[in-house]
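Everything numeric here is computed off the predicted structure, so don't read it as measured data.
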Amino acid sequence: MPGPGGPGRRASFLTEEEKQQAPKITGALLRRVFSYLAPYWKQLALVLVCIAIASVCAMLPSILTGNIIDVLTGRDLGGWIGGGLSALVRLILLSLALNLAGNLIGVGETYLNNWIAQHISYDMRNQMYRHLQKMSQRFFTSANQGDIITRMTSDISGVESVITGTFTSILSNVITLTVAVVAMFRKNWILALVGMAAVPLFVLPTRLAGKKRWKLAGEAQACNDEINGILNETLSVSGQLLVKLFGREKAEYARYEEANGRMIRLNIRERMAGRWFLTMLSTLMTVGPMLLYLAGGILIMRYDSRLSVGDITVLVALLGRMYGPVNSLLNMQVEWIRSMAMFTRIFEYYDMKPEIDDRPDAKELTNAKGEIAFEDVSFSYDGEKLTLKNIRFTLHSGDCVAIVGPSGSGKSTIVNLIPRLWDPTEGRVTFDGTDVRDLTLHSLREEIGVVTQETYLFNGTIRENLLYAKPDATEEEMIQACRKANIYDFIQRQPEGLDTEVGNRGLKLSGGEKQRISIARVLLKDPALLIFDEATSALDSISEAAIQAAINPLIEERTSILIAHRLSTILAADEILVVRDGEIVERGTHAELVHAGGTYQELYETQFKGAEDAPEEREKTPREESGETSGRTPPEKKA
């Protein structure tokens, strides 16, 4: 029987890190843990009954074995058992029946146990996912993504082992140990004490051997993590390309070979330590029975005791039954602390309050026009340094405003305040005259379409990515959106059309193709406000031209905000806002700003000029050709 540290078992001691991070187990924590068990109390009660019956059924054949031996040695047991061949047959059949009953009940108990564990895990995963969906952008930009996934998967999966292992193991071991001890003392209290005195001889060395094995297993796991890191780095698409371009194949192979060899040596040491451990364990397990045989023999031969050979056999069998429960219960404190630590980690996430949420009196945004106003808005990510300072501008329905400025000036932060990815530190942002914080998040975000520089496509088909915006969209609606986004011709050339696979994160498509599909996806949503956040900055001139051809008609149709590094993207705007160090330092049209001697002229000289046609040589926008303007006088320029 493997002890702690044996194959498939966790260490029977806490690591230094686990000791430092051990949670404080309070009544409130326990009540919260058991609150997840409460809905399934009927099934839990049935599990408890099954464990009790299965433990008794597993113990009785050991007792019957002693009776079988006594019948074989000619002892008349009296009562219904009697003696002779008929008694032997009855005892054997009863023993077999009890074994079968115990095993069948054990199957039922295992099913119920797993059913409860899976349903609790299901409840907790749903609760965690629903809660994480409500968390603000600050949470996802500051939290480690791997940690989020670990809590969502490994930690909650660990709860299943707590239910099927720790909780039920305590019940099963306590019942088994109680039945064994009572049965031993009923047979012979002297031999029972002798047998129990031998238990520490088995337990203490087992813990020491388990600790040694765990140390080696930990080193092997660390080495395995290193190997996984090498594989992730060098066999990924980007990593493998870098290896090839720098000719590092031999060096990376040598690094992998060394780590792999180190892991093999550690695995061999661990398994040999396990083999020595099992050898020592099997030797120690014979000490207790030998002591019982010795003490029993003395009682029978020296004191003419009523003790029989069958009784000694029963006591030896019951002693063997005690080893597992005693060892398990001695180590249960460790498992209990680990279990509580797992629940504590999960509860840490549950207890995080969503920073951005609907107010109790929030109202639905209906018949949206897309009028946006920033009223003296200031914002800080850390609560200390202001990223935005006194931002004030109005965007009327149907108008287009461009926001330009050096990198890190706060352009994207401004537009992220509109769909409430963040909330202002001071001031307010309004949508159609209503503070965005007074609108429901769903209705607000339904009316805002954002196309970012880093396009994200799900691993699936073009159709599936488009339907993400509008699950009930018709084929004709998807085609129209693709035409407007200047991507339909490309889709038609694909053998599978809209059912073309885009690959993981859209890797099967070019940057321009991905961007135009993302524009089509936003158009299918049909929002009142369109935001293009540097949608062409990472593309070549040909892809940029195709996307620009898609964007220009769109900003004529609806309210839009453009953030761009390239002049071609912003020339069609009704007004340009120049942002520097979180403030609007200039505003006006291109013609007004290009020779004003400020930040815009500096940007034009260093970033736009030479890369774009001069203003007088560029194509006029549809509004300019028709002589239309935004219908309002641009606000005064702010120095």
Is the F347 ring parallel, tilted or perpendicular to the Y36 ring (thresholds 30°, 60°)?
parallel
Kindly compute the distance separating [atom1] ([X]) from [atom2] ([Y]), expressed to the nearest 0.5 Å.
{"X": "I462", "Y": "R521", "atom1": "CD1", "atom2": "CZ", "answer": "11.5 Å"}
{"X": "I517", "Y": "L466", "atom1": "CD1", "atom2": "CG", "answer": "7.0 Å"}
{"X": "C50", "Y": "L112", "atom1": "SG", "atom2": "CG", "answer": "6.0 Å"}
{"X": "L29", "Y": "T344", "atom1": "CG", "atom2": "OG1", "answer": "5.0 Å"}
{"X": "E109", "Y": "I53", "atom1": "CD", "atom2": "CD1", "answer": "11.5 Å"}
{"X": "T234", "Y": "Y253", "atom1": "OG1", "atom2": "OH", "answer": "13.0 Å"}

Take E226 and R262, measure what side-chain contact (heavy atoms from CB on, under 4.5 Å) needs, and give me the verdict at the end.
CA-CA 11 Å; E226 180 184 344; R262 191 157 21 100; 3.2 Å; yes
In terms of side-chain heavy atoms, does R31 have a donor or acceptor partner in S35 at a distance below 3.5 Å?
no
Residue pair N114 / Q118, side-chain donor-acceptor N/O under 3.5 Å:
no
Flag, side chain of [X] to backbone of [Y], donor-acceptor distance under 3.5 Å:
{"X": "N465", "Y": "T461", "value": "yes"}
{"X": "Y350", "Y": "M124", "value": "yes"}
{"X": "D358", "Y": "L441", "value": "yes"}
{"X": "R321", "Y": "A58", "value": "yes"}
{"X": "S121", "Y": "A117", "value": "no"}

Shortest non-hydrogen separation from [X] to [Y] and the atoms involved:
{"X": "G297", "Y": "I312", "result": "N-CD1, 4.3 Å"}
{"X": "L319", "Y": "P289", "result": "CD2-N, 3.9 Å"}
{"X": "S55", "Y": "I175", "result": "CB-CG2, 3.6 Å"}
{"X": "A101", "Y": "C57", "result": "CB-SG, 4.4 Å"}
{"X": "T176", "Y": "P325", "result": "CG2-CG, 3.8 Å"}
{"X": "G503", "Y": "N459", "result": "C-OD1, 3.3 Å"}

Considering residues, nucleotides and ligands other than [X], do more than 12 of their heavy atoms fall under 6.0 Å from its [atom1]?
{"X": "K134", "atom1": "NZ", "result": "no"}
{"X": "F185", "atom1": "CZ", "result": "yes"}
{"X": "R32", "atom1": "CZ", "result": "yes"}
{"X": "F34", "atom1": "CZ", "result": "yes"}

Does R255 form a salt bridge (charged side-chain N to carboxylate O under 4.0 Å, His left out) with E252? I'd like the steps, not just the answer.
CA-CA 5 Å; R255 187 160 70 108; E252 292 298 343; 2.8 Å; yes
Chi angles and distances behind the side-chain contact (heavy atoms from CB on, under 4.5 Å) call for L299, L191
CA-CA 9 Å; L299 288 175; L191 293 184; 4.1 Å; yes
Starting from the C-alpha separation in whole Å, work towards a yes-or-no answer on side-chain contact (heavy atoms from CB on, under 4.5 Å) for R265 and R269.
CA-CA 6 Å; R265 290 190 292 274; R269 287 177 61 195; 5.6 Å; no
Are L235 and L231 close enough that some pair of their side-chain heavy atoms sits under 4.5 Å apart?
yes
Looking at side-chain heavy atoms only, is the closest gap between L100 and L96 below 4.5 Å?
no
Could you tell me which residues satisfy salt bridge (Lys or Arg N to Asp or Glu O under 4.0 Å) with E501, sequence neighbours excluded, listed by chain and number?
none
Side chain to side chain contact (heavy atoms under 4.5 Å, CB included) partners for N99, two or more places apart
P61, S95
Output, in order, the C-alpha distance, side-chain angles, deciding distance and verdict of side-chain contact (heavy atoms from CB on, under 4.5 Å) for M478 and L467.
CA-CA 8 Å; M478 285 188 284; L467 290 176; 3.9 Å; yes
